[in-house]
Amino acid sequence: MTDSELNELVKKVSQEYFGKPFVHQAYFNNRLKTTGGRFHLKDRNIDINPKVYQQFGEEALVGVIKHELCHYHLYNDGFPAQHRDRNFKVLLKQVGGSRYSPIQRQRRKKNYHLYQCTKCQTEYYRVRKINTKRFVCGKCHGKLEYLRDVSA
């Protein structure tokens, strides 16, 4: 789907579900990572994450478009258009837009470093490596020894 096809889809959804025209521009924005779309207050254009269409299909795309159009039309009518506002929640429910983005943040696995006290054998898991010459055991002040990396 191209930007012009997206723009036509946004105009169609706006007229069909809101009964109002969408007179600005809608674009795909590859820089969006975890959000489905974004409404810009300054120029009133809408950015849509292309991953929504590529990974979840047209139904999810229309849900994100409805969400952004709720911001658009409320802002143009002079109402508060934030997620927490009652007007926004009511309008979003009326048109059947998606409340949250279908795209989830990719969580990286953290590597933990395992240290053990040479005196009392207490084990310590740390995300960052520590300087064993500088730091000592918190219980007995014994020397710490690096054992291995542990994936979580």
Side-chain angles (χ1 to χ4, degrees), residues 1-116 122-132 134-135 137-138 144-152:
M1 181 178 278
T2 63
D3 283 345
S4 59
E5 291 170 340
L6 174 68
N7 205 28
E8 291 304 314
L9 179 63
V10 171
K11 287 180 181 181
K12 180 182 158 204
V13 169
S14 178
Q15 197 62 47
E16 185 177 328
Y17 289 94
F18 295 88
K20 298 175 183 177
F22 176 73
V23 294
H24 292 86
Q25 294 294 313
Y27 305 101
F28 280 119
N29 185 348
N30 289 315
R31 293 185 309 263
L32 299 177
K33 298 296 179 196
T34 58
T35 185
R38 183 176 294 144
F39 167 63
H40 296 278
L41 297 174
K42 202 172 204 175
D43 57 8
R44 299 183 185 180
N45 291 335
I46 293 176
D47 290 347
I48 301 291
N49 191 334
K51 291 179 190 171
V52 173
Y53 180 67
Q54 294 163 356
Q55 295 176 0
F56 302 99
E58 192 163 339
E59 187 177 327
L61 177 65
V62 170
V64 170
I65 290 171
K66 289 177 186 176
H67 179 104
E68 298 309 323
L69 284 173
C70 285
H71 290 297
Y72 176 81
H73 288 299
L74 285 171
Y75 184 77
N76 285 344
D77 293 342
F79 292 108
Q82 294 179 331
H83 292 115
R84 66 177 180 239
D85 295 318
R86 182 167 172 73
N87 290 338
F88 178 81
K89 291 178 183 177
V90 169
L91 182 59
L92 188 63
K93 199 167 196 174
Q94 284 175 354
V95 297
S98 57
R99 180 90 166 103
Y100 301 103
S101 171
I103 298 171
Q104 299 296 317
R105 171 173 270 154
Q106 301 289 329
R107 292 193 182 263
R108 285 182 44 206
K109 283 187 173 181
K110 287 189 177 179
N111 285 336
Y112 292 95
H113 304 285
L114 178 62
Y115 295 89
Q116 187 176 33
T122 303
E123 292 184 346
Y124 295 95
Y125 290 92
R126 296 287 178 259
V127 175
R128 289 183 167 187
K129 281 192 169 185
I130 60 173
N131 184 354
T132 55
R134 184 173 172 210
F135 293 98
C137 176
L144 292 178
E145 178 182 43
Y146 179 76
L147 295 180
R148 65 179 184 277
D149 284 343
V150 180
S151 296

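- The distance from atom CG of Leu6 to atom CG of Leu61, rounded to the nearest 0.5 Å, is 6.0 Å.
- The side-chain heavy atoms of Tyr115 and Cys137, taken from C-beta on, include no pair separated by under 4.5 Å.
- Scanning for side chain to side chain contact (heavy atoms under 4.5 Å, CB included) contacts around Tyr75 gives Phe39, Leu41, Arg44, Ala81, with sequence neighbours left out.
- Under the side chain to side chain contact (heavy atoms under 4.5 Å, CB included) criterion, Glu16 pairs with Lys12, not counting sequence neighbours.
- The two residues Asn7 and Gln25 come nearest to each other via the heavy atoms ND2-OE1, 3.2 Å.
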Per-pair distances, 0.1 Å, donor-acceptor, side chain in residues 92-102, under 3.5 Å, sequence neighbours excluded:
| from | atom 1 | to | atom 2 | distance (Å) |
| --- | --- | --- | --- | --- |
| Ser98 | OG | Gly63 | O | 3.2 |
| Ser101 | OG | Thr34 | O | 3.3 |
| Ser101 | OG | Gly36 | N | 3.3 |
| Ser101 | OG | Ile103 | N | 3.2 |

Next on the checklist: Working note: Tyr27 + Ile48, criterion side chain to side chain contact (heavy atoms under 4.5 Å, CB included); need CA distance, chi angles, decisive distance, verdict.
Outcome noted: CA-CA 6 Å; Tyr27 305 101; Ile48 301 291; over 6 Å; no

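- Taking the side chain as every heavy atom from C-beta outward, Arg126 and Tyr146 never approach each other to under 4.5 Å.
- Considering Phe79, Tyr17, Phe22, Phe88 in turn, Phe22 is the only one that fulfils the ring pair (Phe, Tyr, Trp, His ring centres under 6.0 Å) rule with Tyr72.
- The heavy-atom pair separating Leu144 from Phe135 by the smallest distance is CD1-O, 4.0 Å.
- Rounded to the nearest 0.5 angstrom, Tyr53 OH and Glu5 CD are separated by 7.5 Å.
- Residue pairs satisfying the salt bridge (charged side-chain N to carboxylate O under 4.0 Å, His left out) criterion with at least one member in residues 61-86, sequence neighbours excluded, are listed as follows: Lys20-Asp77.
- Put simply, NZ on Lys11 and CG on Leu69 are 12.0 Å apart, with the number rounded to the nearest 0.5 Å.
- Note that NZ of Lys51 and CG of Asn29 are 11.0 Å apart. Values are rounded to the nearest 0.5 Å.
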Item to check | Stepwise side chain to side chain contact (heavy atoms under 4.5 Å, CB included) check, His83 with His67 | outcome: CA-CA 10 Å; His83 292 115; His67 179 104; 3.0 Å; yes

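- Atom SG of Cys70 is separated from atom CZ of Phe18 by 4.0 Å, given to the nearest 0.5 angstrom.
- Annotation: salt bridge (Lys or Arg N to Asp or Glu O under 4.0 Å) contacts of Asp149 (sequence neighbours excluded): none.
- Note that the OG1 atom of Thr132 and the NZ atom of Lys129 stand 10.0 Å from one another [nearest 0.5 Å].
- The side chain to side chain contact (heavy atoms under 4.5 Å, CB included) check on Leu114 picks up Glu123, Tyr125, Leu147, Arg148, Val150, with sequence neighbours excluded.
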